[in-house]
Amino acid sequence: MGRNIRGRHFLSLLDYSPEEIRYLIDLSKDFKAMKRKGTPHKVLKEKNIVLLFEKSSTRTRCSFEVAGMDLGMGVTYLDPGSSQMGKKESIADTARVLGRMYDGIEYRGYDQALVQSLADHAGVPVWNGLTDQFHPTQMLADLMTIEENFGYLKGLNFTYCGDARNNLGNSLMVACAKMGLNFTACAPKELFPEEALVAKAIAIAKENDCTITLTEDMTAGTTGADVIYTDIWVSMGEPGEVWETRIKQLTPYQVNSAAMANTAKGSIFMHCLPSFHDTKTTIGADIAKKFGITEMEVTDEVFESKKSMVFDEAENRMHTIKAVMYATLC
Ligand code: CP
Ligand code: NVA
């Protein structure tokens with residue numbers, strides 16, 4: 001039997017101990033093995049969940065839907081246009097209604113305060129499917145993918161290149177600190193995470209014998225890295241006007257073959273996706289036309305290389321989300 005986290009919300013890894021995170025990763029591995037073997041696991045047949053998305057999604061939505069169905073649950077999806085939430089009804093009122101009908105609520109949206117408010121009022125577990133500040137279900141999939149590659153987590157050197165104060169930068173810093181990976185963010189100073197969160201991460205890292213480093217020096221930051229991670233340069237919810245500045249700020253932090261050449265032997269490349277590694281998207285093509293660049297946070301060469309674990313990472317979203325729902329509902 002694992003740790004009992006029944007009834008808990010899953011809003012940020014800050015709320016979870018390393019032992020609880022370990023339990024969720026191990027449970028995810030069990031679910032992955034069952035899925036691979038075709039072993040049925042419809043163990044939550046009487047339950048129903050609702051997925052609230054105020055921002056777009058492919059991986060997170062599909063992971064919650066498939067995981068919910070694999071566990072035997074009823075699943076309702078509500079997109080930004082098809083509910084009253086936020087427009088005619090407050091988050092608190094929405095939470096009190098949905099909490100009477102559903103056994104669990106997933107929310108993807110803007111401020112962390114919104115998912116916190118849902119959690120405060122719902123009376124059932126609330127799972128954060130991404131806010132402006134945190135993306136905790138992504139973290140479990142990332143940790144699981146790293147462990148699948150190296151066989152362990154503690155002591156690995158993890159480097160994040162890009163917007164280090166977005167939901168991924170914040171979450172990865174906390175996830176590494178909790179699980180004993182040495183975290184380095186390579187970014188311009190103005191895109192470093194907020195000082196208060198850095199201070200929290202440093203304190204957590206101390207307890208787990210690892211380090212937190214923020215640097216503007218891409219060469220120093222990538223040297224000896226076991227894992228190189230990046231994310232898109234402009235996140236959902238940010239205005240289109242920031243592209244020009246962000247491209248200038250982050251071009252030196254692009255993950256390319258020169259950056260990968262600095263890394264440790266056996267290093268891997270990771271990205272939460274979606275990614276602008278070519279011009280085969282409307283935004284990618286538009287940026288190419290406006291700014292003359294055909295690749296952004298990662299080159300197509302690195303994205304398509306043998307070191308790239310991005311699709312394993314995407315698959316692991318489903319197994320880890322299943323573990324979170326199972327552990328908090330069962
Ligand atoms: N990585 C991730 O959260 O992807 P989606 O935006 O497609 O859900
Ligand atoms: N930082 C990105 C992550 C997408 C999964 C965003 O918020 O758009």
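Read the numbers this way: they start at 1 and go in the same order the structure lists the ligands and their atoms. The figures that follow rest on heavy atoms only: side chains count, while hydrogens, waters and symmetry mates do not.
Below 3.5 Å of separation, one finds no N or O of His135 facing any N or O of ligand 2.
In the model, Thr131 has a side-chain atom that pairs as donor or acceptor with a side-chain atom of Gln112 under 3.5 Å.
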Steps toward side chain to side chain donor-acceptor pair (under 3.5 Å) verdict (Glu297, Ser275): CA-CA 8 Å; Glu297 72 277 4; Ser275 162; 3.0 Å; yes
Derivation and outcome, salt bridge (charged side-chain N to carboxylate O under 4.0 Å, His left out), residues Glu89 and Arg96: CA-CA 11 Å; Glu89 195 158 35; Arg96 287 183 287 180; over 6 Å; no
Working for side chain to side chain donor-acceptor pair (under 3.5 Å), residues Asn256 and Thr299: CA-CA 5 Å; Asn256 49 34; Thr299 58; over 6 Å; no
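Within the structure, the closest approach of Leu273 to ligand 2 falls below 4.0 Å when heavy atoms are considered. Residue contacts with ligand 1 do not include Lys55, since none of its heavy atoms lies under 4.0 Å from the ligand. Note on ligand 1: Leu130 sits outside its first shell, no heavy atom being nearer than 4.0 Å.
Protein heavy atom closest to atom 6 (O) of ligand 1, with residue, atom name and distance, is Arg108 NH1, 2.9 Å. In terms of protein heavy-atom proximity, atom 4 (C) of ligand 2 is nearest to Leu130 CD1, 3.9 Å. Protein heavy atom in closest approach to atom 7 (O) of ligand 2: Asn167 ND2, 2.9 Å. Taking atom 8 (O) of ligand 2 as the reference point, the nearest protein heavy-atom neighbour is Met236 N, 2.8 Å. The closest protein non-hydrogen atom to atom 4 (O) of ligand 1 is Arg59 NE, 2.8 Å.
Below 4.0 Å from some heavy atom of Ser235 lie the following atoms of ligand 2, by number and element: 1 (N), 2 (C), 6 (C), 7 (O), 8 (O). Contact atoms of ligand 1 toward Arg317: 1 (N), 2 (C), 3 (O) (distance under 4.0 Å to a heavy atom of the residue). Residue His135 has at least one heavy-atom neighbour below 4.0 Å for each of these atoms of ligand 1: 2 (C), 3 (O). Annotation for ligand 1: atoms under 4.0 Å from non-hydrogen atoms of Cys272 are 1 (N). In summary, the atoms of ligand 2 found under 4.0 Å from a heavy atom of Asn166, numbered by their order in the structure, are 1 (N). Atom numbering of ligand 1 starts at 1 in the shown order; those under 4.0 Å from a heavy atom of Thr58 are 5 (P), 7 (O), 8 (O).
Contact check for Lys154 versus Cys210: no side-chain heavy atoms found under the 4.5 Å cut-off. Looking only at side-chain heavy atoms (C-beta outward), Met270 and Val227 come within less than 4.5 Å of each other. Looking at heavy atoms from C-beta onward, Arg8 lies in side-chain contact with Glu20 at the 4.5 angstrom threshold.
Cation-pi geometry between Arg61 and Phe53 is not met at under 6.0 angstrom from the ring centre and within 45 degrees of the axis.
Only the side chain of Leu168 comes within 4.0 Å of ligand 2, judged by heavy-atom distances.
Across Lys322, Glu148, Lys37, a single residue satisfies side chain to side chain contact (heavy atoms under 4.5 Å, CB included) together with Lys32, and that is Glu148.
Proximity of the aromatic rings of Phe291 and Trp233 is defined here by a centroid distance below 6.0 angstrom, and this criterion is not met.
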